[in-house]
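Take a look at the structure below.
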Amino acid sequence: MVSTDRTRALSFAALLSPPFFRHVRPLESQTMRLSRFMLPTLKENPAEASIVSHRLMLRAGMVRQHASGIYNWLPLGLKVLRRIEAIVREEQDRTGALEILMPTIQSAEPWKESGRYDDYGKEMLRIVDRHDVDLLYGPTHEEVVTDIFRKNVGSYKSLPLNMYQIHWKFRDEVRPRFGVMRGREFLMKDAYSFDTSFEAAKHAYNKMFVAYLRTYERMGLKAIPMAADTGPIGGKLSHEFIILAETGESAVYCHKGLLEKSVPKDVDYDADLQPIINDWTSLYAATDEMHVETHGVPEGDLVAARGIEVGHIFHFGTKYSEPMGATVTMPDGTNQPVYMGSYGIGVSRLIGAIIEASHDDNGIIWPKEVAPFAAGLVNLKSGNAETDAVCADIYDRFRARGSEVLYDDTDERAGAKFANMDLIGLPWQIIVGPKGVAKGVVELKNRATGERDELSLDAALQTVLG
RNA sequence: CGGGGCGUAGCUCAGCCAGGUAGAGCGCUAGCUUUGGGAGCUAGAAGCCGGAGGUUCGAAUCCUCUCGCCCCGACCA
């Protein structure tokens, strides 16, 4: 039967009725009970994973591989991804950058204009639609954002401008590996700055530089900016942000003083940031391909290590604005190509990097800021009236505070519960057993240090919630 | 893209060389016992042995082709 306007109107109304909105639920009704959660943990190491972060992400039930270099994000993994995204977003917003969302599937046209359609090579996944139009799954977005700019911005008065997005990209890597650290599909924050002069663009670059330092620090990481090769994006000024980790994919070198530097707090992004940049770039730091013998660092002060690239910033001037005609009218009436930069953070890769930097033999150790739950609540004897009651109370109090706790209300044995909690790495474990309850205490375990303390319920909550 | 390896139950793997009707451990289901660091016993469910051809009375096993995945290197957020 063909739907009439009337039936269509009715069904649309039905969509607006309350049941349709049931998925939009306040925190209080989200389930954080393990018995209702999907957490497919693995006791054994999957054969497909060789490095520790990949193994732990699979074992902790965070991700599952869908195809080579392409992953499904399960509930626990998605929670971490969202937390990292939120930190990145906050720090970008703080600089005055504006969030937008560009398509994953792009037209080949602007790429033909910039010349990169031919230059990019096989890493670009090319698609032809039914009308024989050339499309591609975006590996990056300089062309698209430049197109947005030229069609919508025409005056120097609109600058400076920085647009960013947090979105999925695809690069058809020859050899995907290391789980989400080197996947083909990955979540990336990419920002693009537009300015009227080289000097102004330098300031835009510096803002991102500082924002990156802050972003990584909030995730519990020590990232070191290193002079970098600009690669196919082009330009002269570029830094990679590197996390030191044994399993890093490239060799890196830096002065040990960089490991001690502190990250600026309460930054005024309108002020001159050059002193901060100078401070961070005054000491030698370079990736393998930029490393030189004439670095001048005393033997004992040079750190040679392996690193994971978690961010890359470029200033490339008019490389795209010129061929694509992205110009603004200046005060004197002339039209001038804009000076651009682009700034990437590998959001999904960061999860792997954080685990590489923070784990032990028992599993992941999440830094507080990115942990999927603030704490785990372990009922050692589910079904016991006393422990059930205490756990229900704790669970409710967390929810009342708007904080998330993962309540293991299953009837697994204690050992299995402990092992699982250690594996998924929540910062705190609140352990409730019959003996403790009889004494009026719960046990609080710090995942990172392994310390366990018997505390009153209030003291435990105070420690976890702060 | 060069080189190597592997596809058998949800996971880890045995069986393949020397063809004969599919196995173990873990996990899962049920019951009993157990209960503070991945428990024990009993009973179960679960696999077109990656796919397609071929050889053979008979193929997980031999041959050919194909698809997928992993590892090492060269390349990349």
Side-chain angles (χ1 to χ4, degrees), chain A residues 40-51 54-55 58-59 61 64-70 88 120-124 138-142 166-191 212 223 228-233 238-243 249-250 287-289 307-314 342-353 361-363 378-384 387 408 410-423 429 431-437 442-443 445 450 452 454:
Chain A
T41 56
L42 303 171
K43 202 188 280 191
E44 288 176 282
N45 282 323
E48 70 194 62
S50 58
I51 65 163
H54 191 193
R55 279 204 303 264
L58 291 167
R59 286 192 52 208
R64 286 294 183 264
Q65 180 163 303
H66 171 75
S68 181
I70 301 175
V88 170
Y120 213 92
K122 289 189 168 178
E123 245 130 71
M124 179 188 281
T140 181
H141 287 247
E142 279 82 9
I166 299 176
H167 209 15
W168 294 94
K169 297 196 181 333
F170 190 91
R171 293 183 190 170
D172 196 2
E173 298 278 347
V174 221
R175 192 188 155 204
R177 61 185 124 167
F178 305 150
V180 300
M181 291 227 290
R182 180 85 181 274
R184 291 194 293 174
E185 187 184 51
F186 55 96
L187 187 62
M188 182 176 175
K189 185 285 299 182
D190 46 322
Y212 277 34
D229 189 23
T230 54
I233 301 210
S238 175
H239 285 91
E240 284 181 18
F241 287 77
I242 303 281
I243 305 294
E249 34 186 342
S250 53
T287 58
D288 206 12
E289 62 269 20
I308 301 166
E309 181 184 351
V310 290
H312 203 158
I313 60 178
F314 303 88
S342 71
Y343 316 91
I345 290 180
V347 174
S348 48
R349 164 181 284 195
L350 266 168
I351 297 189
D361 289 346
N362 296 323
V378 179
N379 187 343
L380 283 182
K381 201 163 182 176
S382 293
N384 172 286
T387 61
D408 188 345
T410 66
D411 52 13
E412 279 296 320
R413 303 166 59 79
K417 291 189 175 189
F418 290 139
N420 250 315
M421 278 297 172
D422 286 350
L423 176 61
Q429 293 168 22
I431 300 159
V432 178
K435 294 173 197 164
V437 168
V442 296
E443 198 168 307
K445 175 176 168 179
R452 305 150 144 258
E454 290 201 330

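Side chains included, hydrogens not; waters and symmetry mates left out as well; all remaining heavy atoms used. The shown structure was predicted, so the numbers you read here are calculated from the model rather than taken from an experiment.
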Residue set satisfying ring pair (Phe, Tyr, Trp, His ring centres under 6.0 Å) with A:F178, at least two apart, ordered chain then number -> none

Using the [atom1] atoms only, state how far [M] lies from [N], rounded to an integer number of Å.
{"N": "B:C49", "M": "B:A59", "atom1": "P", "answer": "12 Å"}
{"N": "B:C13", "M": "B:C6", "atom1": "P", "answer": "12 Å"}
{"N": "B:U29", "M": "B:A9", "atom1": "C1'", "answer": "15 Å"}
{"N": "B:G20", "M": "B:C16", "atom1": "P", "answer": "9 Å"}
{"N": "B:A14", "M": "B:C26", "atom1": "C1'", "answer": "14 Å"}
{"N": "B:C57", "M": "B:U21", "atom1": "C1'", "answer": "14 Å"}

Between A:S382 and A:D411, is there a side-chain donor-acceptor contact under 3.5 Å, judged purely by atom types and distance?
no

Next on the checklist: What I want to check is whether the side chains of A:S342 and A:E142 have a donor and an acceptor closer together than 3.5 Å.
Outcome noted: yes

Counting any heavy atom closer than 4.0 Å, what does [X] reach on the DNA or RNA strands: base, sugar-phosphate only, or nothing?
{"X": "A:D190", "answer": "nothing"}
{"X": "A:G344", "answer": "nothing"}
{"X": "A:A67", "answer": "sugar-phosphate"}
{"X": "A:A419", "answer": "base"}
{"X": "A:K122", "answer": "sugar-phosphate"}

Residues passing the side-chain hydrogen bond (donor to acceptor under 3.5 Å, both in side chains) test with A:H141, sequence neighbours excluded, are A:Q106, A:Q165, A:K169

Here the gap from A:S250 atom OG to A:I242 atom CD1, rounded to the nearest 0.5 Å, amounts to 5.5 Å

Would you indicate which nucleotide in [options] comes nearest to any side-chain atom of [X]?
{"X": "A:R413", "options": "B:C76, B:U34, B:C69", "answer": "B:U34"}
{"X": "A:A47", "options": "B:G73, B:C13, B:C76", "answer": "B:C13"}
{"X": "A:S68", "options": "B:C69, B:C75, B:G36", "answer": "B:C69"}
{"X": "A:K435", "options": "B:C69, B:G37, B:G36", "answer": "B:G36"}
{"X": "A:R175", "options": "B:C76, B:C1, B:C11", "answer": "B:C1"}
{"X": "A:E44", "options": "B:C75, B:G38, B:U12", "answer": "B:U12"}
{"X": "A:I431", "options": "B:U12, B:C76, B:G36", "answer": "B:G36"}

Assign each of A:F186 and A:L380 the nucleotide of RNA chain B bearing its closest heavy atom; nearer the 5' end lies the nucleotide of A:L380

Judged by nearest nucleotide, the residue sitting upstream toward the 5' end of RNA chain B, A:N362 or A:M181, is A:N362

